[in-house]
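Any value given below was found using the heavy atoms of this structure, including those in side chains, with hydrogens, waters and symmetry copies removed. Sequence lines set the chain letters: A, B, ... in the order given, protein chains first and strands last, and positions in each chain run from 1.
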2 protein chains.
Amino acid sequence: MKQQLVFKALADGTRRNILRALRAGSKSAGELSEEFSITKASLSHHLALLLNAELVRRERRGQQLIYSLNSSVAEEVMAILFDLFSHKEDS
Amino acid sequence: MKQQLVFKALADGTRRNILRALRAGSKSAGELSEEFSITKASLSHHLALLLNAELVRRERRGQQLIYSLNSSVAEEVMAILFDLFSHKEDS
DNA sequence: TAGATATTTAGATAATAGTCTAAATATCTA
DNA sequence: TAGATATTTAGACTATTATCTAAATATCTA
């Protein structure tokens, strides 16, 4: 996991909203685009960053590309935060 | 807690390193500046963002300003991540 | 295979962010 | 109170990023 990619990906509100939208289940790029008031091109850009950070997975189903959450990276982020804020004397 | 401020603050590697540096205990701006190869002005800028996000606390001791970790916000961030990656059916 | 649909990629633009130097503010001490 | 020390603030510059339109790619279906 590349920390920098993950934290940069999480730094944008639209991308966090995309993750939230995917909690209901996996969705195609087109389905997601209906929920956001940005162009499909911009959404695709955000999805590419989320994918690059491994926060989401992608699989093709015919003409569509289906995106879904990758929860395991969230666990890694939490571990990093836990470490980041753990006072050295504590451990 | 303002999510946007916290995630933006965590998106920069230097700022995450500042948090790491503070795990050993609270430090003054000057002490911190010895550990980073940027100007005091730039460091001050980063500290202001961390403070604004409430990831660190600050108190004056004479001429010095002492910075320390604010672990409670880390816990909040973890809760948000937990929520962000929790599939709706699960809850 | 042509045309339609789904999505991404390319290139441009405007806003945001990180860094620097120089100047300002706050506190201490002789 | 004057000068020294510690830190921040102001203003400028460059790099990065979010967004858009237009064009390209991939897949399906008649």
K.L.:
Would you indicate which nucleotide in dT7(D), dT19(D), dA10(D) comes nearest to any side-chain atom of Ala29(B)?
P.N.:
dT7(D)
K.L.:
Taking the minimum atom-to-atom distance to the side chain of Thr39(A), which one of dT21(D), dT9(D), dC20(C) wins?
P.N.:
dT21(D)
K.L.:
Just the rounded figure in Å: distance from C1' of dT5(D) to CD of Glu31(B).
P.N.:
14 Å
K.L.:
Is the shortest side-chain heavy-atom distance between Arg23(B) and Asp83(A) below 4.5 Å?
P.N.:
yes
K.L.:
Nearest to the His45(B) side chain among dT9(D), dT7(C), dG18(C), which nucleotide is it?
P.N.:
dG18(C)
K.L.:
Glu59(B) has an atom CD; how far is it from atom C1' of dT27(C), in whole Å?
P.N.:
15 Å
K.L.:
Just wondering, do Arg20(B) and Leu84(A) contact through their side chains at under 4.5 Å, heavy atoms?
P.N.:
yes
K.L.:
Any idea which of dT7(D), dA18(D), dG18(C) is nearest the Gln64(B) side chain?
P.N.:
dT7(D)
K.L.:
Given 3.5 Å as the limit, does a donor-acceptor pair link the side chain of Gln4(A) with the main chain of Ala11(B), or not?
P.N.:
yes
K.L.:
Would you kindly give the CG-to-C1' distance between Asn52(B) and dA17(C), to the nearest whole Å?
P.N.:
14 Å
K.L.:
Of the candidate nucleotides dT19(C), dT27(D), dT8(D), which contains the atom at the shortest distance from the side chain of Thr14(B)?
P.N.:
dT19(C)
K.L.:
Roughly how many Å is it from CG in Leu49(A) to C1' in dT19(D), rounded to a whole number?
P.N.:
13 Å
K.L.:
Using a 4.0 Å heavy-atom cut-off, does Tyr67(A) contact any base of the nucleic acid, only the sugar-phosphate backbone, or nothing at all?
P.N.:
sugar-phosphate
K.L.:
Would you mind telling me which of dT9(C), dA6(D), dT19(D) lies closest to the side-chain atoms of Gln63(B)?
P.N.:
dA6(D)
K.L.:
Under the side chain to side chain contact (heavy atoms under 4.5 Å, CB included) test against Val56(A), which residue among Val73(A), Ile18(A), Leu19(A) passes?
P.N.:
Leu19(A)
K.L.:
Please report, rounded to the nearest Å, how far the P atom of dA18(D) is from the CZ atom of Arg15(A).
P.N.:
4 Å
K.L.:
Given atom CG of Leu43(A) and atom C1' of dT21(D), what is their separation to the nearest angstrom?
P.N.:
16 Å
K.L.:
From the options dT7(C), dT7(D), dA10(C), select the nucleotide whose nearest atom is closest to the side chain of Ala41(A).
P.N.:
dA10(C)
K.L.:
Rounding to an integer number of Å, can you tell me how far Arg58(A) CZ sits from dT9(C) C1'?
P.N.:
12 Å
K.L.:
Considering Watson-Crick and G-U wobble pairs with both distances under 3.5 Å, what does dG3(D) pair with?
P.N.:
dC28(C)
K.L.:
Considering only side-chain heavy atoms of Arg60(B), which listed nucleotide, dT8(D), dT9(C), dA26(C), is closest?
P.N.:
dA26(C)
K.L.:
With both distances kept under 3.5 Å, what pairs with dA22(D), Watson-Crick or G-U wobble?
P.N.:
dT9(C)
K.L.:
Round to a whole Å and report the spacing from CD1 of Ile66(B) to C1' of dT7(D).
P.N.:
11 Å
K.L.:
Identify the two heavy atoms, one from Phe36(A) and one from Leu43(A), that lie closest to each other, and give their separation to 0.1 Å.
P.N.:
CD1-CD1, 4.4 Å
K.L.:
Select base, sugar-phosphate, or nothing to describe what Ser28(B) touches, counting heavy atoms under 4.0 Å on all strands.
P.N.:
sugar-phosphate
K.L.:
What's the closest nucleotide to the Lys8(A) side chain, out of dC20(C), dT7(D), dT17(D)?
P.N.:
dT17(D)
